[in-house]
**Q** 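Below you will find the structure I want to go over with you.
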Amino acid sequence: MTALTLPDLTDFPGIALSEADGVPVLLAPRDGNTGGGIVFRVGSAHETLATSGITHLIEHLALRGQVLSEAHLNGQTHADVTLFHVAGSTTDVVTYLNDVCTALRELPVDRIDTEKDILRSEAEGKNPGFGGHMRITRHGARGFGLVGYGERGLDRITTDEVLEWAATWFTRENAVAWVTADALPDGLDLRLPAGRRMPPPVLTDVLEGSPAYLTGLRDGVALDSVVPRGNAAHLTSRVLQEVLHRDLRVDADLASTFDVDYDLLDAEHARVSVVVQGTEGQQGAVAGALADALSGLQFHVADDDLAAARAGALEELAEAAAVPSADLLPSLAYRIVTGRPLEGPEQVRAQVERLTADDVRGIARHAWASALWYGPAAMDWAGIVPAPNWSQVRAEGRKFQRIDAPDVSLVLASDGVGLVTPEGGVTVRFADCVLLETLPDGARVLTGADGFRVVIEPTLYSGLGPSEVVLHVDARVPANVVVQRPPREPGDIPVAEPPQPAAATKGGRRAKAAGSGGRPSVMSTMARVAGLWLAAFVVLGGAQLLLSRFLDFELRLGLLPVLGLIWASISIVRARHGKGDR
């Protein structure tokens with residue numbers, strides 16, 4: 001890819017296309033404040049796991065110099081694009097866009113560490129949730145799957161990498177700008193490095209078979225499917241919404257809320273996703289209802305549902321056609337920079353009116369065949385297979401038994417590492433490792449491109465020392481995927497003890513002896529603490545009684561006994577349970 005292909009805007013009257021310093025600029029006037037922005041075809045899905053966070057970091061660096069007091073301005077990093085936008089006076093827009101481009105040409109790299117700290121603070125409390133888990137399960141640790149990991153590369157990204165990433169992706173060939181004006185405003189300076197037109201994020205799929213399911217979502221069910229992009233898929237998502245409204249809300253009170261979304265992925269694919277929140281006591285039933293709805297659309301589309309979906313789509317198009325041209329500029333800039341077709345409302349209307357029930361059934365078959373489900377229980381009854389929990393090939397090499405679980409082994413192979421359990425194995429080959437997290441105590445965490453992870457804690461395996469792990473792993477993994485984590489507190493390093501011998505039961509089976517597994521039970525610890533407090537009250541109460549009866553003396557210790565008991569209780573808990581257990 002080289003330069004950006006400029007579009008034909010015939011279907012969008014009132015919008016003109018200009019150019020500033022090699023960057024395409026969309027123009028359309030409006031009353032009131034002036035708006036403007038610039039969008040780049042680079043987002044978090046373009047990164048690797050080891051560089052995750054670099055685009056967001058550059059976005060922050062580019063905005064450091066912005067001090068406009070009256071203007072509304074912001075920057076955003078999405079999976080496929082990064083954009084900067086502002087609304088204010090014309091002078092505000094010019095100043096903002098000029099400053100962003102100046103910063104991208106000459107990044108304030110002296111602020112990298114500060115901005116990293118800010119990004120880490122922003123990430124605290126954020127949880128990718130079940131959606132992130134589904135993305136990893138489908139896409140692995142690449143592309144759109146990276147949303148499930150957070151910005152894990154921040155600790156290792158170097159200044160040189162930041163500068164190279166900016167010079168490669170934030171270029172004039174990879175950008176589109178817009179200003180709500182009838183002509184380029186005076187003084188606009190969008191000079192950016194020369195580069196090339198960049199591709200969309202890679203679309204990966206590591207599911208070994210589909211439809212597939214995950215279990216553990218207690219409050220309802222979620223669905224993620226990849227279908228051919230286009231108006232047929234968009235209309236099908238609307239038909240599904242009509243069916244679910246009737247089946248889950250009107251005919252039966254199964255769902256408190258539900259959402260059906262249609263999102264573009266690349267030039268050929270789109271994502272149809274559904275999230276249903278079950279009503280109290282009906283969480284298990286919503287999975288069956290959603291499965292019935294989508295499965296049924298493969299064979300039959302009710303005329304009323306198709307008509308309602310079509311009417312909704314046409315109404316949305318009519319609203320878009322009535323919007324002032326200037327309000328369309330951000331979405332048009334996004335479509336141009338990402339290579340989406342520029343279809344005007346009338347052109348889309350004609351296509352939607354031609355779509356038939358056969359088109360909907362065809363998309364429904366794609367959605368069913370590619371579906372990844374996440375619900376409260378297994379869905380084998382619907383012909384859906386479990387999503388893979390184990391690697392297809394087990395690692396072969398030196399084995400180290402886990403001290404507190406002898407049927408689990410860590411494997412150090414010549415080409416990777418693996419974890420073997422009675423249920424299955426997880427393998428990460430060095431050639432496929434996309435992230436190696438290292439700790440000073442010798443622990444290592446390897447993540448493969450398929451999303452599987454192997455955690456190596458030397459303290460948990462018999463005969464395995466930290467130096468042996470370091471020698472076996474570190475030299476075999478490329479340095480550019482290594483993230484060095486800070487030291488842990490001693491109490492955070494796991495400790496394993498061998499299980500106690502099992503005691504024979506009357507039935508001939510063997511059961512765990514009390515306290516086996518290497519760690520005291522919570523109940524036994526609570527019993528000890530309770531016993532301590534009971535004994536203290538008996539002793540102190542008895543002493544008080546004896547002193548008052550025989551010596552006519554009243555013992556007054558205030559809060560000292562209580563504070564002493566609290567301290568002793570905490571000491572018992574700390575002694576019996578490490579910090580990692582609590």
**Q** Under 3.5 Å, sequence neighbours excluded: what are the donor-acceptor pairs made by side chains of residues 452-463?
**A**
unit_1	atom_1	unit_2	atom_2	d
E457	OE1	R488	NH2	3.0
E457	OE2	R488	NH1	2.9
T459	OG1	P494	O	2.6

**Q** May I ask you to test the T215-Y374 pair for a side-chain heavy-atom distance under 4.5 Å?
**A**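 No, their side chains stay 4.5 Å or more apart.
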**Q** NE2/H46 to OG1/T168 distance, rounded to the nearest 0.5 angstrom?
**A**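 Separation between the atoms: 12.5 Å.
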**Q** May I ask you to check whether S89 and D92 show a side-chain donor-acceptor distance below 3.5 Å?
**A**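 Result is yes, a qualifying pair exists.
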**Q** Identify which one of T171, N174, V42 satisfies the side-chain contact (heavy atoms from CB on, under 4.5 Å) criterion when paired with M198.
**A**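 The side-chain contact (heavy atoms from CB on, under 4.5 Å) with M198 is passed solely by N174 among T171, N174, V42.
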**Q** Does R120 have more than 12 heavy atoms from other residues, nucleotides or ligands lying within 6.0 Å of its CZ?
**A**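 Counting neighbours around CZ of R120, more than 12 heavy atoms of other residues, nucleotides or ligands fall under 6.0 Å, so yes.
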**Q** May I have all residue pairs that pass salt bridge (charged side-chain N to carboxylate O under 4.0 Å, His left out) and include part of residues 44-57, sequence neighbours excluded?
**A**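 Pairs touching residues 44-57 that pass the test: none.
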**Q** Quick check for you: to the nearest 0.5 Å, what is the distance between L57 atom CG and S52 atom OG?
**A**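 The OG atom of S52 is 11.5 Å from CG of L57, to the nearest 0.5 Å.
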**Q** State, without any angle test, whether T82 and T55 hold a side-chain donor-acceptor pair at a distance under 3.5 Å.
**A**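 Not at all, the side chains of T82 and T55 share no donor-acceptor pair under 3.5 Å.
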**Q** Got L27 and L184 here, is their nearest side-chain heavy-atom distance under 4.5 Å?
**A**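 Yes, their side chains come closer than 4.5 Å.
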**Q** Could you tell me whether K116 atom NZ has more than 12 heavy atoms of other residues or ligands within 6.0 Å of it?
**A**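 Yes.
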**Q** Measuring only between side-chain heavy atoms, which start at C-beta, is R394 closer than 4.5 Å to V420?
**A**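 Answer yes - side chains close enough.
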**Q** Counting only heavy atoms not in E208 (residues, nucleotides, ligands), do more than 12 fall under 6.0 Å from its CD?
**A**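 Yes, CD of E208 has more than 12 neighbouring heavy atoms, counting only those of other groups under 6.0 Å.
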**Q** Compute whether any side-chain donor of one residue and acceptor of the other, for T51 and W165, lie under 3.5 angstrom apart.
**A**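 There is no such pair between these side chains.
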**Q** Does either side chain, that of D80 or that of Y334, offer a donor lying less than 3.5 Å from an acceptor on the other one?
**A**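 Looking only at side-chain atoms, Y334 and D80 do form a donor-acceptor pair, the distance falling under 3.5 Å.
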**Q** Does a sphere of radius 6.0 Å around CD in E122 hold more than 12 heavy atoms from other residues, nucleotides or ligands, not counting ones at 6.0 Å or beyond?
**A**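 It does: E122 CD has more than 12 such atoms within range.
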**Q** If you take all heavy atoms of I136 and G451, which pair is closest and at what distance?
**A**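 It is CG2-CA, 4.3 Å.
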